[in-house]
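Letters go in sequence order (proteins before strands), and every chain restarts at 1. These numbers come from the heavy atoms of this one structure, side chains and all, not from hydrogens, waters or symmetry mates.
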Protein chains: 2
Amino acid sequence: MPSSIPRPGAPVRGSASGKPIMALFDLLGRSWALGVIWQLSNGPMTFRQLQESCESVSPTVLNNRLKELRETGVVARGDGGYALTPTGRELFVLLEPFGAWSIRWAERFPGNEPSA
Amino acid sequence: MPSSIPRPGAPVRGSASGKPIMALFDLLGRSWALGVIWQLSNGPMTFRQLQESCESVSPTVLNNRLKELRETGVVARGDGGYALTPTGRELFVLLEPFGAWSIRWAERFPGNEPSA
DNA sequence: TCCTGTTGCTACTTTTTGTGTAGCATATTA
DNA sequence: TAATATGCTACACAAAAAGTAGCAACAGGA
């Protein structure tokens, strides 16, 4: 059984009253949710393509994440497979800076020398 | 046993070679990771305060998340309990816009009327 | 029409995570 | 000394994810 889909206004992890930010964190804080959005930012992908580009995601989980992301208006199916909706693209705009940030984070990672 | 801590450069979910963005998504895509960072943005909190403000988080998980966030340089312990490091505050700066966005998302949520 | 390949899944078993509750050891304050 | 807070650890249980198999629907092509 898929876990319940986080909806703002309904109880979610972190908020019995469903504060939107907590509903969003519940949605995004599930395995592969962020990864799927990241992959789809490059354009529509089929289920199988997503499976390949997200190494080691199981079809069960991928299907659950896609269901959740569709029901929350972030992803939709169309030509060429799954794609971000306008809402999803908005979300990606917020997510995009994490790419560059993660690289700087990696460089100064505790125990890493800044790679010469 | 706590799950392994995602480190850029080491294999993580989504990337055998540990692409930084995938390591970051692995770190943040665990339950309560985003919520903890969000809570700590208001200032340092004790373990118990975090437990209370994150409704329904179990101490086991909270402790695991804090360990991971500390070892990845996002959170540290100091006066007044746990607090974001400068790195953690940087991360929060990227996260902050999600607050406002989530409210708009809630308003036009599939099945919600834009509240009059 | 039969074969071959692709796609989007579902089913199932095993392993990993998270929940929920209890409670302990170490301060701190009265 | 007792009461309180703090930062946990230890379970027993439940939920989620991994890993693998395979099926139904469709699209060519021979």
Side-chain angles (χ1 to χ4, degrees), chain A residues 1-7 10-16 22-23 25-37 39-40 43-72 75-83, chain B residues 1-7 10-16 22-23 25-37 39-40 43-72 75-83:
Chain A
M1 205 206 313
S3 57
S4 71
I5 290 156
R7 295 172 179 276
V12 293
R13 287 189 307 196
S15 170
M22 287 300 159
F25 284 171
D26 192 4
L27 179 69
L28 299 181
R30 298 180 178 198
S31 76
W32 290 106
L34 291 166
V36 165
I37 294 171
Q39 291 296 342
L40 289 181
M45 297 180 87
T46 66
F47 191 92
R48 300 260 169 160
Q49 287 174 321
L50 273 171
Q51 269 190 292
E52 281 159 38
S53 63
C54 299
E55 312 165 31
S56 86
V57 67
S58 70
T60 319
V61 169
L62 181 55
N63 193 32
N64 285 341
R65 282 310 88 80
L66 287 170
K67 251 179 220 161
E68 292 155 12
L69 292 170
R70 276 195 282 171
E71 295 202 26
T72 52
V75 160
R77 279 186 72 177
D79 293 357
Y82 290 96
Chain B
M1 206 204 318
S3 57
S4 70
I5 290 155
R7 295 171 178 275
V12 293
R13 288 189 306 197
S15 170
M22 287 300 160
F25 284 170
D26 192 4
L27 179 70
L28 299 180
R30 297 179 179 200
S31 75
W32 291 106
L34 291 166
V36 165
I37 295 171
Q39 290 296 341
L40 289 182
M45 298 180 86
T46 66
F47 190 94
R48 299 260 171 160
Q49 287 174 321
L50 273 171
Q51 270 189 291
E52 281 159 39
S53 64
C54 299
E55 310 165 31
S56 86
V57 67
S58 69
T60 319
V61 167
L62 180 55
N63 193 31
N64 285 342
R65 282 308 88 81
L66 287 170
K67 252 180 220 161
E68 292 155 11
L69 292 171
R70 276 195 283 170
E71 296 202 26
T72 52
V75 160
R77 279 186 71 178
D79 294 358
Y82 291 95

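Between the side chain of Q51(A) and the backbone N or O of R48(A) there is no donor-acceptor pair closer than 3.5 Å. Remark: side-chain polar atoms of R30(B) are not paired, donor with acceptor, to backbone N or O of R65(B) under 3.5 angstrom.
Under the 4.5 Å side-chain criterion, counting only non-hydrogen atoms from C-beta, L66(B) is in contact with L50(B). With contacts defined as side-chain heavy-atom distances shorter than 4.5 Å, the pair F25(A)/R13(A) does not qualify. Contact check for Y82(B) versus T46(B): no side-chain heavy atoms found under the 4.5 Å cut-off.
Side-chain proximity of Y82(A) to dG8(C), dC9(C), dG19(D): nearest is dC9(C). Proximity note for P59(B) (side chain, C-beta onward) versus dG8(C), dA17(D), dC8(D): the nearest is dC8(D). For R77(B), the listed nucleotide lying nearest its side chain is dG7(D); candidates were dG7(D), dG19(D), dT7(C). Closest approach to the N63(B) side chain among dC8(D), dG18(C), dA17(D) is made by dC8(D) (side chain taken as heavy atoms from C-beta onward). Taking the side chain of R70(A) as heavy atoms from C-beta on, and the options dG20(C), dC9(C), dG7(D), the nearest nucleotide is dC9(C). Proximity note for F47(A) (side chain, C-beta onward) versus dG8(C), dT19(C), dA17(D): the nearest is dG8(C). Nearest nucleotide to the side chain of R48(A), out of dG22(D), dA18(D), dT19(C): dG22(D).
Contact between the side-chain N/O atoms of R13(A) and the OP1/OP2 oxygens of dT19(C) is not found at any separation under 4.0 Å. For W32(A), a side-chain nitrogen or oxygen approaches OP1 or OP2 of dA18(D) to under 4.0 Å.
No hydrogens or angles were tested; on distance alone, a donor-acceptor pair under 3.5 Å links the side chain of T60(A) to the base of dG19(D).
Base engagement by S58(A) is indicated by at least one non-hydrogen atom pair under 4.0 Å involving a base atom.
As rounded to whole Å, 10 Å separates atom P of dG7(D) from atom CG of L62(B). Distance M45(A) CE to dT6(C) P: 16 Å, rounded to the nearest Å. If you measure from atom CG of N64(A) to atom C1' of dT10(C), you get 11 Å, rounded to the nearest angstrom. Atom CZ of R30(B) and atom C1' of dA17(D) are 13 Å apart (whole Å). Atom CG of L50(B) and atom P of dC8(D) are 11 Å apart (whole Å). Rounded to whole angstrom, the span from the CG atom of D26(B) across to the P atom of dA17(D) amounts to 13 Å. At whole-Å resolution of the value, CD in Q49(A) and C1' in dT7(C) are 10 Å apart. Look at CD on Q51(A): it is 12 Å from P on dG19(D), rounded to the nearest Å.
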